[in-house]
Q: 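This is the structure I want to talk about, given as structure tokens.
Side chains are part of it too, since the values below use all heavy atoms of this structure and drop only hydrogens, waters and symmetry mates.
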Protein chains: 2
Amino acid sequence: MSPRRTIGVLSRESGVNLETIRYYERIGLLPHPLRSTNGYRYYDETMIKRLRFIRRGRELGFSIDEVKTLLQLADNRDQPCREADRLVQAHLVEVEAKIADLMALRDVLTQLTHCQSPTTEHCRLIETLEQRRCCITSD
Amino acid sequence: MSPRRTIGVLSRESGVNLETIRYYERIGLLPHPLRSTNGYRYYDETMIKRLRFIRRGRELGFSIDEVKTLLQLADNRDQPCREADRLVQAHLVEVEAKIADLMALRDVLTQLTHCQSPTTEHCRLIETLEQRRCCITSD
DNA sequence: CTTGACTCTGTAGCGGCTACAGGGTTCAGG
DNA sequence: CCTGAACCCTGTAGCCGCTACAGAGTCAAG
């Protein structure tokens, strides 16, 4: 008999932090597992898959709620793919907006680098913070 | 006599949320203002500048602690500009890393869009979450 | 005198974890 | 049989940077 899959084992197998697993259970992202008489959680191997699914979804930047939806979609395979596609599209729009924001920010910061002023009296950054109307236009 | 500058007025003048101003005072980013006998905070016009400075620093993505440092630099103009430059550089590195991350993410997401599968049985996103090793390489 | 707009303090919530404290359990080595 | 390490448990608090109350006091216009 292989040793039973406690939370620590599952954590190592799935690559998800042990405390995070308990957190996911608490917020309803993971089902309540079986408990031994000593109160320990024991998991079957389907939980590894489920946690990896969650981890990948999070790595792709989906929120917990979105991951929850995706899990439901994965569990009910007869539903149309449109919902998943919609999530991806919406997320893609957000990511692209964030990229644009950061690139504008990068341009401003680049202009502020390599200021060789011996004092901050004429420091570009400080002057920018004090005088400019607004560096980032959107919002 | 113009009406005294209460926190609400300062909020409107600086573009910083009223509750945020109180929060900044609490964490030591803003000095304690004068108080009237009724307990109301009253601000002089230098506070507008200070708050705008903070707001712009935040818009540029600097953390509260970094903004605190920048405020000190702005207050002590005889110090070399190097410290400010160092902050900008470090921040720029972070921003560029984040852009790179998001662009990789965008590429993955783009590949996942426009899945026309009538069910999620062969949905690209779901399959990706279930099967792929890892979409984002770094970490 | 009332009404409504302001102000105050203190605390709790957001997301997504992470890190304890203070206890119980299990197992291997001596 | 005992000890100690390595687990496990619950519950709560902290992180960041705000934001949103509740419940109270204050002020000025009509």
Q: Is Leu34(A) atom CG crowded by more than 12 heavy atoms from other residues, nucleotides or ligands, each under 6.0 Å away?
A: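 No, because the 6.0 Å sphere around CG of Leu34(A) holds 12 heavy atoms or fewer from other groups.
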Q: Is it the case that the side chain of Thr110(A) and the backbone of Arg106(A) share a donor-acceptor pair, with hydrogens and angles ignored and the cut-off at 3.5 Å?
A: yes
Q: Looking at Asp101(B) and Lys98(A), is there a salt bridge between them, counting it only when a charged N and a carboxylate O are closer than 4.0 Å?
A: no
Q: Just the rounded figure in Å: distance from P of dG17(D) to CD of Glu66(B).
A: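 Computing the Glu66(B):CD to dG17(D):P distance gives 9 Å.
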Q: Rounded to whole Å, please give me the gap between OH in Tyr23(B) and P in dC18(D).
A: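 Going from Tyr23(B) (OH) to dC18(D) (P), I get 6 Å.
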Q: Distance check needed: dG14(D) P versus Glu19(A) CD, whole Å only.
A: 16 Å
Q: Would you mind telling me which residue lines up with the more 5' stretch of DNA chain D, Asp65(B) or Arg26(A), judged by nearest nucleotide?
A: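 That would be Arg26(A).
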Q: In whole angstrom, what separates Arg58(B)'s CZ from dT19(D)'s C1'?
A: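 Atom CZ in Arg58(B) sits about 14 Å away from atom C1' in dT19(D).
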Q: Is there a donor in the side chain of Asp65(A) and an acceptor in the side chain of Ser63(A), or the other way round, less than 3.5 Å apart?
A: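 No donor-acceptor contact under 3.5 Å links the two side chains.
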Q: When you measure from the side-chain N and O atoms of Thr6(B) to the phosphate of dT7(C), is any distance below 4.0 Å, counting only OP1 and OP2?
A: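 Result: yes.
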Q: Identify whether any heavy atom of Ile7(A) sits under 4.0 Å from a base atom; if not, whether one sits that close to sugar-phosphate; answer base, sugar-phosphate or nothing.
A: sugar-phosphate
Q: With a 4.0 Å limit, can you tell me whether Asn38(B) has a side-chain N or O closer than that to the phosphate oxygens OP1/OP2 of dC8(C)?
A: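 Result: no.
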Q: To the nearest angstrom, how far is Tyr40(B) atom OH from dA5(C) atom P?
A: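 In whole Å, dA5(C) P lies 14 Å from Tyr40(B) OH.
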Q: To the nearest 10°, let me know how far the axis at one end of the helix from dC1(C)-dG30(D) to dG30(C)-dC1(D) is tilted from the axis at the other, five pairs an end.
A: 30°
Q: Below the 4.0 Å mark, does dG17(D) have OP1 or OP2 next to a side-chain nitrogen or oxygen of Thr20(B)?
A: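 So the side chain of Thr20(B) is outside the cut-off, no N or O lying under 4.0 Å from OP1 or OP2 of dG17(D).
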Q: Specify the residue among Asn17(A) and Tyr43(B) whose closest nucleotide of DNA chain C lies further upstream toward the 5′ end.
A: Tyr43(B)
Q: Atom NE2 of His32(B) and atom C1' of dC8(C): how far apart are they, to the nearest Å?
A: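 My rounded result for the distance is 15 Å.
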Q: Please check if the side chain of Arg5(A) supplies one atom and the backbone of Leu10(A) the other of a donor-acceptor pair under 3.5 Å.
A: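 Side chain of Arg5(A) to backbone of Leu10(A), a donor-acceptor pair under 3.5 Å: no, none is there.
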Q: From CG of Leu29(B) over to P of dG17(D), roughly how many Å is that when rounded to an integer?
A: 10 Å
Q: Between Arg41(A) and dC8(D), is there a contact of a side-chain N or O with OP1 or OP2 at under 4.0 Å?
A: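 Arg41(A) to dC8(D) OP1/OP2: no side-chain N or O under 4.0 Å.
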Q: Do Arg55(A) and Glu59(A) meet the salt-bridge criterion of a basic N to acidic O distance under 4.0 Å?
A: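 Here Glu59(A) pairs with Arg55(A) in a salt bridge, since their nearest N and O are under 4.0 Å apart.
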Q: Does Arg86(A) pair with Glu83(A) as a salt bridge, N-O distance under 4.0 Å?
A: yes
Q: Separation of Leu18(A) atom CG from dA6(D) atom C1', in whole Å?
A: 12 Å
Q: At less than 4.0 Å, is any side-chain N or O atom of Arg35(B) found next to OP1 or OP2 of dT9(C)? Yes or no.
A: yes
Q: Consider only side-chain heavy atoms of I, L, V, M, F, W and Y, link residues closer than 4.5 Å, and tell whether Tyr42(B) and Ile48(B) are in one cluster.
A: no
Q: Within the pair Arg22(A) and dT18(C), is there a side-chain N or O less than 4.0 Å away from OP1 or OP2?
A: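 Answer is no, no contact under 4.0 Å.
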Q: Is a donor-acceptor contact shorter than 3.5 angstrom present between the side chain of Tyr24(B) and the base of dG17(D)?
A: no
